[in-house]
Number of protein chains: 2
Amino acid sequence: MNPVAFFKCLADETRLRSLLLIAHEGELCVCELMEALDQSQPKISRHLAQLRQCELLSDRRQGQWVFYRLNPALPEWARLVMETTLTGNPEFIADNKRALAQMQSRPVRDGHCC
Amino acid sequence: MNPVAFFKCLADETRLRSLLLIAHEGELCVCELMEALDQSQPKISRHLAQLRQCELLSDRRQGQWVFYRLNPALPEWARLVMETTLTGNPEFIADNKRALAQMQSRPVRDGHCC
DNA sequence: TTCATATATTCGATTTTTCATATATCCTGC
DNA sequence: GCAGGATATATGAAAAATCGAATATATGAA
């Protein structure tokens with residue numbers, strides 16, 4: 001993982017918010033990120049594709065949804081950088097977390113239904 | 001310190017190398033960075049000005065030289081991010097450190113002469 | 001099969017970033 | 001003050017990133 005390429009990925013509002021939200025929530029799909037960030041579907045999708053191509057995110061399809069999570073193979077230092085950023089700037093994604101919490105009818109993950 | 005603005009600063013080869021070198025060496029001037037990165041003076045200078053404007057670096061003039069160091073007011077999380085990046089990628093600036101060590105007649109800091 | 005929902009991709013226009021050259025400013029020694 | 005070297009800035013051209021709109025693909029249900 002080239003450090004410059006890594007930071008280029010973080011150097012965009014949409015991508016950084018998506019990454020930190022995913023790091024915090026564990027796993028999110030496109031429609032959840034649309035709601036949390038209040039952005040169009042193509043915009044979210046394009047940035048996620050970029051993050052997947054750089055191998056920061058990995059995806060898994062479940063039915064009609066695609067869930068994104070941090071790439072398990074991510075180097076330790078990269079994971080630490082995101083964690084440090086999140087801890088040092090808790091207010092940065094506060095609004096996004098709130099919007100996500102208020103979202104109606106979020107997709108149900110396998111293994112989470114009753 | 002806005003996280004996105006911070007990462008934009010790190011998302012360039014010249015700036016990231018300069019930052020990490022300065023973080024490692026404590027203090028460097030333009031001519032030392034030119035030698036260490038093998039880049040033109042205007043290029044180095046422009047990027048340093050950008051880093052100073054974002055308040056990642058602070059400068060001090062000593063005679064004809066201007067020395068740059070990490071801004072002492074830098075938030076803890078930002079300093080940690082750079083440290084983590086440096087520790088996790090020691091080879092990234094290895095060549096630059098070598099070039100700097102081989103540089104002839106480096107400017108003498110006040111208080112460092114015998 | 002057909003429809004509805006979720007996600008991905010392409011295209012063209014706009015904005016931002018980057019760079020090289022040239023010019024200006026500052027400092028020191030004479 | 002003046003000359004020469006070191007550092008800083010301005011300008012315009014080239015390259016890259018971003019965005020919205022339109023389009024395409026995939027899945028599940030009827």
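When reading the values below, keep in mind they use all heavy atoms of this one structure, side chains included, and skip hydrogens, waters and symmetry mates. Convention: sequence-line order gives letters A, B, ...; per-chain numbering from 1. Worth saying up front: this structure is predicted, and the values here are computed from it rather than measured.
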Is a donor on one side and an acceptor on the other found under 3.5 Å between the side chain of Arg79(B) and the backbone of Ala23(B)? no
Donor-acceptor contact below 3.5 Å, side chain Arg15(A) vs main chain Lys8(A): yes
Tell me: [atom1] of [X] to [atom2] of [N], nearest whole Å?
| X | N | atom1 | atom2 | result |
| --- | --- | --- | --- | --- |
| Met34(B) | dA20(C) | CE | P | 13 Å |
| Arg60(A) | dT7(C) | CZ | P | 12 Å |
| Asp59(A) | dT7(C) | CG | P | 11 Å |
| Gln39(B) | dC19(C) | CD | P | 8 Å |
| Leu10(B) | dT17(C) | CG | P | 15 Å |
| Glu32(A) | dA6(C) | CD | P | 11 Å |
| Phe67(B) | dC27(C) | CZ | C1' | 14 Å |
| Glu35(B) | dT7(D) | CD | C1' | 16 Å |

Taking only N and O in the side chain of [X], is any of them less than 4.0 Å away from OP1 or OP2 of [N]?
| X | N | result |
| --- | --- | --- |
| Trp65(B) | dC27(C) | no |
| Arg46(B) | dT17(C) | no |
| Ser45(B) | dA8(D) | yes |
| Arg52(B) | dT9(D) | yes |
| His47(B) | dC19(C) | yes |

Nearest to the side chain of [X] - [options]?
| X | options | answer |
| --- | --- | --- |
| Ala49(B) | dT27(D), dT9(D), dA8(C) | dT9(D) |
| Arg15(B) | dT9(D), dA8(C), dT18(C) | dT18(C) |
| Gln64(A) | dT9(D), dT17(C), dA6(C) | dA6(C) |

Duplex segments of DNA chain D, taken as runs of at least three Watson-Crick or G-U pairs that stay under 3.5 Å: C:1-30 with D:1-30
Mutual orientation of the aromatic rings belonging to Trp77(B) and Phe6(B) [parallel < 30°, tilted 30-60°, perpendicular > 60°]: perpendicular
Give one of base, sugar-phosphate or nothing for Pro107(A), where a contact means two heavy atoms less than 4.0 Å apart. nothing
For Tyr68(A), answer base if it contacts any base atom (sugar-phosphate contacts may also be present), sugar-phosphate if it contacts only those atoms, and nothing otherwise; contact means non-hydrogen atoms under 4.0 Å. sugar-phosphate
Given that Pro42(A) and Gln62(A) both sit by DNA chain D, which one's nearest nucleotide is further toward the 5' end? Pro42(A)
Do the charged groups of Glu27(A) and Arg60(A) touch, with an N to O distance under 4.0 Å? yes
Under 4.0 Å between a side-chain nitrogen and a carboxylate oxygen: does that hold for Glu32(A) and Arg109(A)? yes
Around atom CZ of Arg52(B), are there more than 12 heavy atoms of other residues, nucleotides or ligands at under 6.0 Å? yes
Measuring only between side-chain heavy atoms, which start at C-beta, is Leu37(B) closer than 4.5 Å to Glu13(B)? no
Find out whether Leu56(A) and Leu10(A) are in side-chain contact, i.e. whether some heavy atom of one side chain is under 4.5 Å from a heavy atom of the other. yes
Given the structure, check if the side chain of Gln41(A) and the base of dA8(C) hold any donor-acceptor pair shorter than 3.5 Å. yes
